[in-house]
**Q** 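Take this structure, written in structure tokens, and hold onto it; I'll ask about it next.
One-based numbering, in listed order, for ligands and for the atoms of each. FYI, side chains are in, hydrogens and waters are out, and symmetry mates aren't considered; it's all heavy atoms of this structure.
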Amino acid sequence: MLLQYAERLKLLGTETAFAVLDRITSFPPERQHHIISFALGEPDFNTPDHIKRAAISSINANRTHYTPSGGILPLRESIAEFITESKHLKVNAQNIVVFPAAKLVIGLAILTCTNPGDEVIYPNPGYPIYESMIKTFGCKAVPAPLLERNQFNYDTNTLRDLITTKTRMIVLNTPNNPTGSVLNNQNLEAIADMALEHDLWILSDEIYSNIIFDNQKFHSIAELPGMQERTIILDGFSKFFAMTGWRLGFSVTNPQLATTFARWATNLISCTATFIQDAGIVAMQEPKEESLAMVREFQARRDLIHKLLNEIDGISAVKPRGAFYIFANVTKACQNLGLKDSIEFQDYILDKADVAILSRTYFGARPPDENDHFVRFSYCISREQIIEGLARIKQAVENP
Ligand code: PLP
């Protein structure tokens, strides 16, 4: 008997960055120990103690049963309050649905707001799960280039040209993984105009919106007139509260869509773990000193790595404005070293310097007119390791 699998599986992508980690784990233990890794996209900080204590108390109080699918009311209320403060949006619990991963919102937004054959525009370079979900759910994935010369913002004319009668949704990610760019007001306003003119949904991935530097104020496209109703905000606890392993995220949408998302939750997961939701309330309500200190440390590291990268012959990098990534242009270094592209550069740096970085190709295929080569550094390691890692790269690039 030949078991049949769904055709759509051929379109299901992955976060191939894990391939680099697999390579590292295949090294002998001493070598693994010597590797400095700029590959992983999660804070190196631990979850603040008061949040951990809240989860433990909740388990001890036997808060271990099902909850309503969309999340418990006190958590949805505290998220709504936090969003109202931090994103200048008027929302209440009816706008919020809690999930055991911000990531789920990507797939659910596409499943709920598109039909097979519709077109969805998404950032390139960008988080690889957008393209995977868009294609798997039968839509056409339309990459929109983020350009180095625009500080990794869009050229709005190029973006406008990508819209057809079949376009149903634009995915935004600000601050962006992998470039650390924050969409400027001109970009946000132009995209809002396009959405209103063509009646489009916006999926706004704001998972890094609280990791933002230089005293900027974060702006969501949902703040713009007429946009809140058509914007699906994806956000969560993973990054700002250093809670990646807890799996706690949420969506902010219009109330009707929130009801549908809660129904998806009923169908797929029943609900998010009760004690983790309880800990989420404490994260939202208590002072956020530790998270703010973490953001200050990320900013100091951003300054450091930006300076050190630009001091290497053949490497340059735009200064990121948020998240914890920097996207370095290594075109000249590749030429100097006789390397074909960013994959060869990534492998060369791993082999020669024992430093792990990620090639641009993990974040979407290069458009044909992109001539430069880029690699992503995640600076979720100490300043000492950043200094050591960059010294090794400098040596490998300048004195091969
Ligand atoms: N969106 C972006 C841009 C991310 O980089 C990530 C995680 O790395 C996610 C969403 C997923 O977040 P979570 O782990 O909270 O589901």
Side-chain angles (χ1 to χ4, degrees), residues 13-18 20-21 37-45 47 51 71 75 79 82 96-110 120 122-134 143-144 146 152 169-183 202-212 218 220-221 231-252 261 264-265 268-269 272-273 276-277 279-280 283-284 291 298 320-327 358 360 362-364 376-380:
T14 182
E15 287 191 57
T16 34
F18 288 108
V20 174
L21 301 178
S37 177
F38 292 92
L40 214 60
E42 66 170 338
D44 50 320
F45 297 86
T47 306
I51 302 176
L75 175 58
I79 293 172
F82 183 64
I96 312 292
V97 176
V98 174
F99 291 106
K103 199 177 217 172
L104 271 175
V105 179
I106 301 172
L108 292 184
I110 295 164
V120 179
Y122 66 101
N124 179 15
Y127 189 51
I129 300 305
Y130 308 134
E131 184 181 337
S132 169
M133 290 284 89
I134 295 166
L146 288 167
F152 296 110
M169 179 184 278
I170 300 180
V171 181
L172 305 179
N173 174 215
T174 176
N176 171 263
N177 176 6
T179 66
S181 70
V182 171
L183 292 182
I202 300 289
L203 169 59
S204 186
D205 182 340
E206 300 178 5
I207 192 88
Y208 297 103
S209 54
N210 293 298
I211 303 181
I212 186 156
F218 176 78
S220 169
I221 195 165
T231 303
I232 300 160
I233 296 177
L234 171 163
D235 204 340
F237 292 70
S238 292
K239 314 287 174 170
F240 185 53
F241 296 103
M243 290 174 71
T244 45
W246 294 63
R247 313 313 298 131
L248 187 60
F250 57 88
S251 57
V252 187
F261 276 6
W264 275 118
L268 293 170
I269 51 160
T272 302
I276 289 184
Q277 293 190 59
M284 283 289 160
S291 296
F298 279 136
R321 301 176 67 215
F324 34 63
Y325 307 110
I326 186 163
F327 206 54
L358 294 182
R360 183 257 187 269
Y362 293 125
F363 305 97
R376 186 193 83 171
F377 290 75
S378 154
Y379 41 91
C380 293

**Q** Take Glu206 and Thr174, measure what side-chain hydrogen bond (donor to acceptor under 3.5 Å, both in side chains) needs, and give me the verdict at the end.
**A** CA-CA 6 Å; Glu206 300 178 5; Thr174 176; over 6 Å; no
**Q** Are Asp205 and Tyr130 close enough, and set up right, to give a side-chain hydrogen bond (donor to acceptor under 3.5 Å, both in side chains), and what steps lead you there?
**A** CA-CA 10 Å; Asp205 182 340; Tyr130 308 134; 2.6 Å; yes
**Q** Establish, from distance only, whether the side-chain atoms of Tyr325 and Tyr208 form a donor-acceptor pair under 3.5 Å.
**A** yes
**Q** Ser238 versus ligand 1: do any nitrogen or oxygen atoms come within less than 3.5 Å of each other?
**A**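 The answer is yes, given that Ser238 and ligand 1 share an N or O pair closer than 3.5 Å.
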**Q** In terms of atom number and element, which parts of ligand 1 are under 4.0 angstrom from non-hydrogen atoms of Lys239?
**A** 6 (C), 7 (C), 8 (O)
**Q** Can a donor-acceptor pair be found, under 3.5 Å and without considering hydrogens, that links the side chain of Arg376 to the backbone of Ala39?
**A** yes
**Q** Under a 3.5 Å distance rule, please check whether Gln277 uses its side chain to pair with a backbone N or O of Thr272 as donor and acceptor.
**A**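 Checking the backbone N and O of Thr272 against the side chain of Gln277, a donor-acceptor pair under 3.5 Å is found.
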**Q** Give the numbers and elements of all ligand 1 atoms closer than 4.0 Å to a heavy atom of Tyr130.
**A** 3 (C)
**Q** Does Phe240 offer a backbone N or O that forms a donor-acceptor pair with the side chain of Ser291 under 3.5 Å?
**A** yes
**Q** Which is closest to atom 3 (C) of ligand 1 by heavy-atom distance: Val171, Asp205, Thr174?
**A** Asp205
**Q** Quick test of your reading of the structure: of Phe250, Phe237, Tyr127, whose heavy atom lies closest to atom 4 (C) of ligand 1?
**A** Tyr127
**Q** Which protein heavy atom lies closest to atom 5 (O) of ligand 1, and at what distance to 0.1 Å?
**A**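 The closest one turns out to be Tyr208 OH, 2.8 Å.
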**Q** Does an N or O from Ala102, backbone or side chain, lie closer than 3.5 Å to an N or O of ligand 1?
**A**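 Ala102 vs ligand 1: N/O contact under 3.5 Å present.
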**Q** Look only at interatomic distance and state if Tyr325 has a nitrogen or oxygen under 3.5 Å from any nitrogen or oxygen of ligand 1.
**A**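 The answer is no, given that Tyr325 and ligand 1 share no N or O pair closer than 3.5 Å.
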**Q** Mark up the atoms of ligand 1 that fall under 4.0 Å of a heavy atom belonging to Lys103, in ascending order.
**A**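 By the 4.0 Å cutoff, the relevant atoms are 16 (O).
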**Q** State whether the side chain of Thr179 and the backbone N or O of Ser181 hold a donor-acceptor pair below 3.5 Å, judged by distance alone.
**A**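 The answer is yes, because a donor-acceptor pair under 3.5 Å joins these two groups.
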**Q** For Asn124 and Arg360, does a side-chain donor sit closer than 3.5 Å to a side-chain acceptor?
**A** yes
**Q** Give the atom numbers and elements of ligand 1 that come within less than 4.0 Å of a heavy atom of Asn173.
**A** 3 (C)
**Q** For ligand 1, which atoms, with element, lie under 4.0 Å from some heavy atom of Arg247?
**A**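 Ligand 1 atoms under the 4.0 Å threshold to Arg247: 13 (P), 14 (O), 15 (O), 16 (O).
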**Q** State the atoms of ligand 1, each with its element, that fall below the 4.0 Å cut-off from a heavy-atom position in Ala101.
**A**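 Counting atoms of ligand 1 from 1, those under 4.0 Å from Ala101 are 16 (O).
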**Q** Are any side-chain N or O atoms of Lys239 and backbone N or O atoms of Gly41, one a donor and one an acceptor, separated by less than 3.5 Å?
**A** yes
**Q** If we only consider heavy atoms of Ile207, is any one of them less than 4.0 Å away from an atom in ligand 1?
**A** yes
